[in-house]
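Reviewing the structure listed below.
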Amino acid sequence: MTTANVPTEADWDRAPSLMDGALNLELSAAGCNLAYWLRAVPHGTLRGLIRGHADGVRPLDVVAAPGPLNSALTQELAFRSMAEEKATRAIGHLVSLAPDNDTMEFYATQLVDEARHAMVFRDHLLQLGIARDELPTALDRLAAQDAAAILVPLEDFGLRVLRDDRDFIGGVLVLTVLVEGVLAPAAELSERKWRVFDPAAADIERGAGIDEIRHLAVGSSVLREHLLKHPEEKPRLLELMAEGYELWGRLPTEEQLLRRETLFQQGIEEHGRLLGDYEAWPGRRLADTTAEERMETGREWAERMQHARLAYMGLQEAI
């Protein structure tokens, strides 16, 4: 299969950045069913790179060796792998509750995508000096505390909606708006941050980001179509969003991000010369950024994306 047969948004070379795609792309479950996935993802996004990057692409020694960059990245990857694993398990309920075959097939493909993300994040820890037989212990050491404080409350909230209430559209809302919609900008920033220090990690993020564009766009479309048919559902969904945002406000996400960005900043101070004039975003050299600036930029990106997606879905009252 040639790249001409692959949709632009799924092609490694032609897909937009995660932020551009999440802000502007419109996709539907019917257009992104199993046939779409089989055509687009193995041939366009993965291109045989099951682990998310080419074999010869490796982290720089300053990342693979013990130090602040290694600590920042291993903590991030361990947490992300746990988050993707929990997402995979939760999406199984969306597959079961989906109202039609196209939507069921789309969420089945998202389940596979999230399981692959968990795998590649986890496996990259091996390239960063963790022995395979020590991986489970290392995951707990690196991220179990953050998972208990952040991921478990989110998981409990999502499972109440999906498993206990069997609320399909509520589950789509929780996943699309309150989980992926909040975390996607951080993933975009991560790809840019690690591009020089660890191009393999950046490629892993690039592939995951291409998938997340599709997940966000289709989830937004499912919600939009539901509200167009059932406008009486808006107050209930807005109430669910308010509950979800209140939960997010109580989670120690800022502390976690600041800890990792502080480690990354220490890495810049030690090895910033390796970054040269590489820009984190247009007009701003990564070597010149601070931990607080990167965190604020991520917050601004998240706000822009949330505003655009909520307006598209017809839930602009939540802004």
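Shown here for S96 and R166, the closest heavy-atom pair between the two residues is OG-NH2, 4.4 Å. Summarising the geometry of Y36 relative to A10, their closest heavy-atom pair is OH-CB, 4.0 Å, with the distance given to 0.1 Å. Pairing each heavy atom of P99 with each of F168, the nearest pair is CD-CE2, 3.6 Å. For the pair A208 and R116, the tightest heavy-atom approach, listed with the atom from each and the gap, is N-NH2, 4.2 Å. L173 and L240 get closest at one heavy-atom pair: CD2-CD2, 3.8 Å. The shortest heavy-atom contact between S28 and S221 is CA-OG, 3.7 Å.
Under the 4.5 Å side-chain heavy-atom criterion for Ile, Leu, Val, Met, Phe, Trp and Tyr, L142 and L263 are members of distinct hydrophobic clusters. No continuous path of ILVMFWY side-chain contacts below 4.5 Å connects F121 to I210, so the two sit in separate hydrophobic clusters. When hydrophobic clusters are built by joining Ile, Leu, Val, Met, Phe, Trp and Tyr residues whose side-chain heavy atoms come closer than 4.5 Å, directly or via intermediates, V95 is grouped together with L216. Under the 4.5 Å side-chain heavy-atom criterion for ILVMFWY residues, no single connected hydrophobic cluster contains both L247 and L257. A chain of hydrophobic side-chain contacts below 4.5 Å, direct or via other Ile, Leu, Val, Met, Phe, Trp or Tyr residues, connects L97 to F157.
Considering R160, R236, H93 as possible partners of D167, the one that fulfils the side-chain hydrogen bond (donor to acceptor under 3.5 Å, both in side chains) test is R236. Of the listed residues (E254, E293, E292), just one forms a salt bridge (charged side-chain N to carboxylate O under 4.0 Å, His left out) with R299, and that residue is E254. Considering R195, R51, R58 as possible partners of D203, the one that fulfils the salt bridge (charged side-chain N to carboxylate O under 4.0 Å, His left out) test is R195.
A heavy-atom distance below 4.5 Å is not found between the side chains of W301 and L23. Within the 4.5 Å cutoff, the side chain of I213 has heavy atoms near those of the P16 side chain. Side chains of L189 and R294 form a contact here, defined as non-hydrogen atoms less than 4.5 Å apart. At least one side-chain heavy atom of M82 sits under 4.5 Å from a side-chain heavy atom of D140. Within the 4.5 Å cutoff, side-chain heavy atoms of D11 are placed close to those of R47. Annotation: side chain of L60 is not in contact with side chain of H271 (no heavy-atom distance under 4.5 Å). Contact of the Q145 side chain with the F79 side chain is not registered, since no non-hydrogen atoms from C-beta on lie closer than 4.5 Å. Contact annotation: the side chain of F106 approaches that of T109 to within less than 4.5 Å [non-hydrogen atoms, C-beta and beyond].
Atom CD1 of I130 is separated from atom CG of L139 by 7.0 Å, given to the nearest 0.5 angstrom. The CG atom of N24 sits 8.0 Å away from the CZ atom of R309 when rounded to the nearest 0.5 Å. Between the CD atom of E9 and the CZ atom of R14 there is a distance of 9.0 Å, given to the nearest 0.5 Å.
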side-chain contact (heavy atoms from CB on, under 4.5 Å) between D198 and L73, intermediate numbers included: CA-CA 9 Å; D198 188 347; L73 184 52; 3.2 Å; yes
side-chain hydrogen bond (donor to acceptor under 3.5 Å, both in side chains) assessment of N5 paired with H43: CA-CA 9 Å; N5 302 116; H43 303 283; over 6 Å; no
Chi angles and distances behind the side-chain contact (heavy atoms from CB on, under 4.5 Å) call for T289, I268: CA-CA 9 Å; T289 63; I268 288 180; 4.3 Å; yes
S81/E85 under side-chain contact (heavy atoms from CB on, under 4.5 Å): CA gap, chis, key distance, verdict: CA-CA 6 Å; S81 71; E85 179 186 340; over 6 Å; no
Derivation and outcome, side-chain contact (heavy atoms from CB on, under 4.5 Å), residues E180 and E114: CA-CA 11 Å; E180 292 189 319; E114 308 294 12; 2.9 Å; yes
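Within a 6.0 Å radius of CG in D61, no more than 12 heavy atoms belonging to other residues, nucleotides or ligands are found. Atom CZ of R192 sits in a crowded spot, with more than 12 heavy atoms from other residues, nucleotides or ligands closer than 6.0 Å. Sparse packing is recorded around CG of D55, with 12 or fewer heavy atoms of other residues, nucleotides or ligands lying under 6.0 Å away. In the displayed structure, R284 atom CZ is contacted under 6.0 Å by more than 12 heavy atoms of other residues, nucleotides or ligands.
No side-chain N or O of S71 forms a donor-acceptor pair with one of Q75 less than 3.5 Å apart. Of the N and O atoms on the side chains of Q265 and E269, not one donor lies less than 3.5 Å from an acceptor on the other residue. Checking H117 against D211 by side-chain atom types alone, a donor-acceptor pair falls below 3.5 Å.
Ring geometry for W194 against F264 counts as perpendicular: the plane angle is over 60°, on a 0 to 90° scale with 30° as the lower cut.
Electrostatic pairing of E26 and R224 does not count as a salt bridge here, judged by no charged N lying under 4.0 Å from a carboxylate O.
K193 places no side-chain N or O within 3.5 Å of a backbone atom of E261 that could act as its donor or acceptor partner.
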